[in-house]
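Worksheet: the structure to be examined is printed underneath.
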Amino acid sequence: MKLLIVFILLHAFQAILAQQSDVVADEEKQSNYNYFLQNPLQINHVTADELSALGILNSAQIANFITHRSQIHHFESIYELQTIHGWELALLKKIKPFLRCDKINKQWHDLQGAKHQLLIRNETTLEEKKGFSPKDSRSKTRYLGNSWGQLARYRGQLNTYLRIGALIQKDAGEVNYLDFKSVFIEIKPNRWVDKIIIGDFVNQWGQGLVQSGGFSLGKSFESIKATQKFHLGAIPYTSSGETAFYRGFNIQFHAGSFNFQAFSSSRHLDASLSSDSTGNSKQINSWIEDGYHRTTTELSHQSNVQETAWGGSMQWIHKPTHLSIQFNLSNTLFSLEKSKSLLAYKANAWFGNQVENYSMSFQAPLHNIHFTGEFAWMPENHFSLIQGVAFAVSKKTDLSYLIRYYEPSYFSPKAQGIGESAETTNEMGLFVGNQITFNKRNKLSSYLDVFRFPGLKYEVSQLNSWGWEYLTRYQWEKRGKYTFFGQLKWTSKQNDISRSNKTLTRNHLIQTSLDLHQFRAKKLDFHTRIMTCLLIGANTKETGLLILQDVKYQIRSLGIQLRIGFVSSSSYDSRLYAYEVGVPLSFSLPAYYGHGFRNCLVLDYKWTKNSTFSLKIGRTNYLDRDEIGSSHELIKGSHKTDVTFQCQLTM
């Protein structure tokens with residue numbers, strides 16, 4: 001009877017499925033953890049690079065794991081990991097939610113022991129936004145759909161060889177409940193063919209200069225991990241983001257010391273179009289990547305351009321030394337020409353209808369030093385390069401550096417190299433990081449990144465502007481009692497004084513954080529954070545303050561999370577970011593600015609062993625305004641209330 005009611009409520013609430021983890025993570029790691037919660041690693045097949053990408057294990061623990069597995073051939077249970085040297089019980093508890101140990105099926109059609117996950121979510125804002133209000137004489141454009149955003153996701157691990165997934169999603173204001181659809185089938189024959197993916201996927205190649213589809217930590221206090229990416233090959237696409245993935249066929253296979261990968265993809269992209277100089281044909285004016293299709297204008301951008309892509313990667317591995325070298329290539333063809341931008345700072349930006357990218361990359365461990373690098377180029381002689389080293393000076397001290405040069409005219413549609421800018425272009429820099437572990441309880445992490453932009457940038461009207469970013473964090477913990485960190489981050493960049501005055505001035509942004517996480521009882525903990533920022537420029541001096549208090553309590557089957565937050569900042573320029581608690585597997589990193597309060601309540605109720613219901617209510621009350629948002633997102637009033645319903649079901 002309970003199971004029947006679960007299915008009825010699933011349809012009523014429209015929420016999401018997955019497992020909830022007890023891992024307490026910083027916001028820099030949260031989306032990485034969410035990815036591996038949705039895609040746990042199979043310990044009988046996981047590679048060293050995949051374990052490294054998880055960001056929890058050190059090189060010695062990974063090496064011990066690989067050696068132990070080669071000796072026993074396969075695991076029967078996750079708890080066997082306790083027998084590996086360096087894998088103590090505390091580590092196993094931390095990493096267990098991200099691993100799985102499936103029954104070894106003898107045949108691909110053996111579905112005994114199959115696992116299914118269903119995840120459904122509904123979310124809305126209670127206050128009326130202008131886009132949902134009645135039309136008036138001043139504005140007649142409104143959202144076409146209702147105010148509910150909806151998502152449904154299915155994951156099935158049918159056996160050792162076969163995994164499938166499907167997702168449908170619509171944003172608030174959209175009419176079509178199938179506005180975004182994503183499906184994948186992953187097959188692992190476990191012979192000379194390592195993996196086949198049919199449907200949606202991404203590629204993680206080298207250091208991300210040609211293909212970077214996996215999670216990237218970016219610049220972080222975890223400076224060693226931030227400078228190291230791994231050649232993971234193809235990964236099934238599991239996100240609700242509507243861009244930056246392929247749709248088609250991908251195959252990976254090996255022969256001796258060589259690994260090969262090939263893919264082919266065809267899908268439609270959103271773009272705004274304009275007429276060319278003759279007025280007879282259309283061309284791409286700009287890409288539209290927000291995925292919104294709520295108004296007639298937004299619908300006019302939908303699926304205007306067809307993207308056809310193909311490519312491959314060949315990897316050679318010297319097994320005795322673990323040296324690996326890759327040659328990568330991708331070719332992307334668009335059905336329409338991308339017009340040349342008339343903006344001065346985009347004078348070097350790519351235009352046309354075809355992009356060819358090639359690269360050579362490597363990973364070379366040598367004793368306690370790990371070298372990585374990638375050199376990427378286009379046929380037009382545009383290139384980028386990146387090279388890094390992670391060096392274990394001693395058991396307590398690690399150093400790393402990374403140099404990068406991204407030519408202003410270099411472009412790859414799926415690139416994401418580490419850097420100050422969001423795009424892998426027009427930047428050169430040197431990143432140096434270190435980590436000192438005084439003992440198991442105390443750690444100091446720092447990095448300095450110095451960067452220069454050879455070309456023009458938005459609101460930077462001179463060549464070769466430069467800046468730096470320095471971060472240091474001290475962490476202190478007492479196992480089972482509390483964790484604490486204090487952090488200082490100083491970013492300095494050059495910008496035009498104003499739109500009319502193109503003289504460069506230097507702006508400094510200094511941010512501090514104090515964070516205390518207390519575990520008062522087995523099922524009760526408190527998390528306090530105080531953040532400040534100071535923005536100083538030629539004509540600017542702004543401050544920001546954010547105080548957050550989280551309380552988490554477990555009462556039998558009911559989990560309660562409460563947040564009380566206060567923010568006071570001069571403007572959006574002095575905003576502060578902090579991870580916000582949410583329903584399981586959701587990720588939110590909002591910008592806090594203005595003057596007011598942000599409070600959240602999250603309830604998770606485990607009704608049966610295989611079903612969990614979740615509810616989140618978040619309310620923002622501003623003290624300095626009578627309107628929130630702008631355009632169709634405008635709310636008349638000083639408060640905004642967001643509600644999310646979620647349900648999880650495993651079978």
Side-chain angles (χ1 to χ4, degrees), residues 5-18 34 38 117-135 139-154 166-182 238-243 270 288-299 301-302 580-590 598-605 607 611-620 628-637 639-649:
I5 299 175
V6 168
F7 278 104
I8 295 174
L9 290 175
L10 274 170
H11 181 73
F13 286 120
Q14 302 287 304
I16 293 182
L17 160 59
N34 281 346
Q38 298 177 63
Q117 301 176 339
L118 181 63
L119 178 153
I120 308 174
R121 177 189 296 157
N122 260 15
E123 51 192 359
T124 189
T125 298
L126 298 185
E127 291 80 7
E128 184 180 63
K129 297 180 179 179
K130 184 177 180 180
F132 301 108
S133 65
K135 299 179 181 179
S139 175
K140 295 184 179 181
T141 302
R142 293 293 185 268
Y143 293 148
L144 302 176
N146 59 41
S147 62
W148 287 88
Q150 298 171 316
L151 181 148
R153 175 185 291 136
Y154 165 77
L167 178 145
I168 57 173
Q169 184 258 349
K170 72 172 282 290
D171 297 303
E174 293 177 338
V175 175
N176 188 357
Y177 283 82
L178 302 178
D179 182 80
F180 176 66
K181 305 170 287 294
S182 179
T238 60
S239 173
S240 59
E242 300 183 26
T243 59
D270 292 359
I288 307 297
E289 299 182 334
D290 56 20
Y292 290 135
H293 308 117
R294 303 165 298 183
T295 65
T296 53
T297 300
E298 291 175 349
L299 284 170
H301 299 151
Q302 187 174 18
E580 183 171 280
V581 295
V583 294
L585 283 187
S586 65
F587 177 72
S588 177
L589 190 65
R598 172 67 176 177
N599 303 319
C600 297
L601 174 66
V602 179
L603 303 176
D604 297 311
Y605 180 62
W607 196 25
S611 60
T612 302
F613 293 95
S614 303
L615 167 68
K616 175 183 176 180
I617 302 175
R619 184 178 176 92
T620 304
I628 303 173
S630 61
S631 187
H632 293 92
E633 292 293 291
L634 179 68
I635 295 175
K636 295 276 188 184
H639 57 81
K640 179 183 178 183
T641 309
D642 304 307
V643 179
T644 302
F645 300 97
Q646 177 168 296
C647 185
Q648 309 172 49
L649 182 66

Partner residues of Thr124 under the side chain to side chain donor-acceptor pair (under 3.5 Å) criterion, sequence neighbours left out
Ser147
With sequence neighbours excluded, what pairs up with Lys135 under the side chain to side chain contact (heavy atoms under 4.5 Å, CB included) test?
Lys140, Arg142
Among residues at least two apart in sequence or on other chains, which ones pass salt bridge (Lys or Arg N to Asp or Glu O under 4.0 Å) with Glu128?
none
Minimum heavy-atom distance between Ser614 and Asp604, given as atom pair plus value:
OG-OD1, 2.5 Å
Partner set under side chain to side chain contact (heavy atoms under 4.5 Å, CB included) for Thr243, not counting sequence neighbours:
Glu289
The side chain to side chain contact (heavy atoms under 4.5 Å, CB included) partners of Thr644 (sequence neighbours excluded) come to Arg121, Glu123, Val583, Lys616
Tell me, please, which residues at least two apart from His301 pass ring-ring contact (aromatic ring centres under 6.0 Å, His included).
none
Does Lys181 have any salt bridge (Lys or Arg N to Asp or Glu O under 4.0 Å) partners at least two apart in sequence or in another chain, and if so, which?
none
For Gly241, does its backbone N or O pair with a side-chain atom of Ser239 as donor and acceptor, under 3.5 Å?
yes
So, using side chain to side chain contact (heavy atoms under 4.5 Å, CB included) as the criterion, who are the partners of Leu167 when residues are at least two apart?
Leu151, Arg153, Gln169, Phe180, Ser182, Ser240
Sorted by chain and number, sequence neighbours left out, salt bridge (Lys or Arg N to Asp or Glu O under 4.0 Å) with Lys170 holds for none
Within the side chain of Glu174, is there an N or O that forms a donor-acceptor pair under 3.5 Å with the backbone of His293?
yes
Which residues share a side chain to side chain donor-acceptor pair (under 3.5 Å) with Lys130, sequence neighbours left out
none
Flag, side chain of Gln646 to backbone of Pro584, donor-acceptor distance under 3.5 Å:
yes
Would you please indicate if the ring centroids of Tyr143 and Phe132 are separated by under 6.0 Å?
yes
Scanning both residues in full, the closest heavy-atom pair of Asp179 with Gly291 reads OD2-O, 3.9 Å
Going by side chain to side chain donor-acceptor pair (under 3.5 Å), name the residues that satisfy it together with Tyr154, two or more places apart in sequence or in a different chain.
His116
Determine, for Arg619 against Glu127, whether the closest basic-nitrogen to carboxylate-oxygen distance falls under 4.0 angstrom.
yes
Return the set of residues passing salt bridge (Lys or Arg N to Asp or Glu O under 4.0 Å) with Asp642 (not counting sequence neighbours), or none when no residue passes.
Arg598
Looking only at atom types and distance, does a side-chain atom of Glu298 sit under 3.5 Å from a main-chain N or O of Arg294, one as donor and one as acceptor?
yes
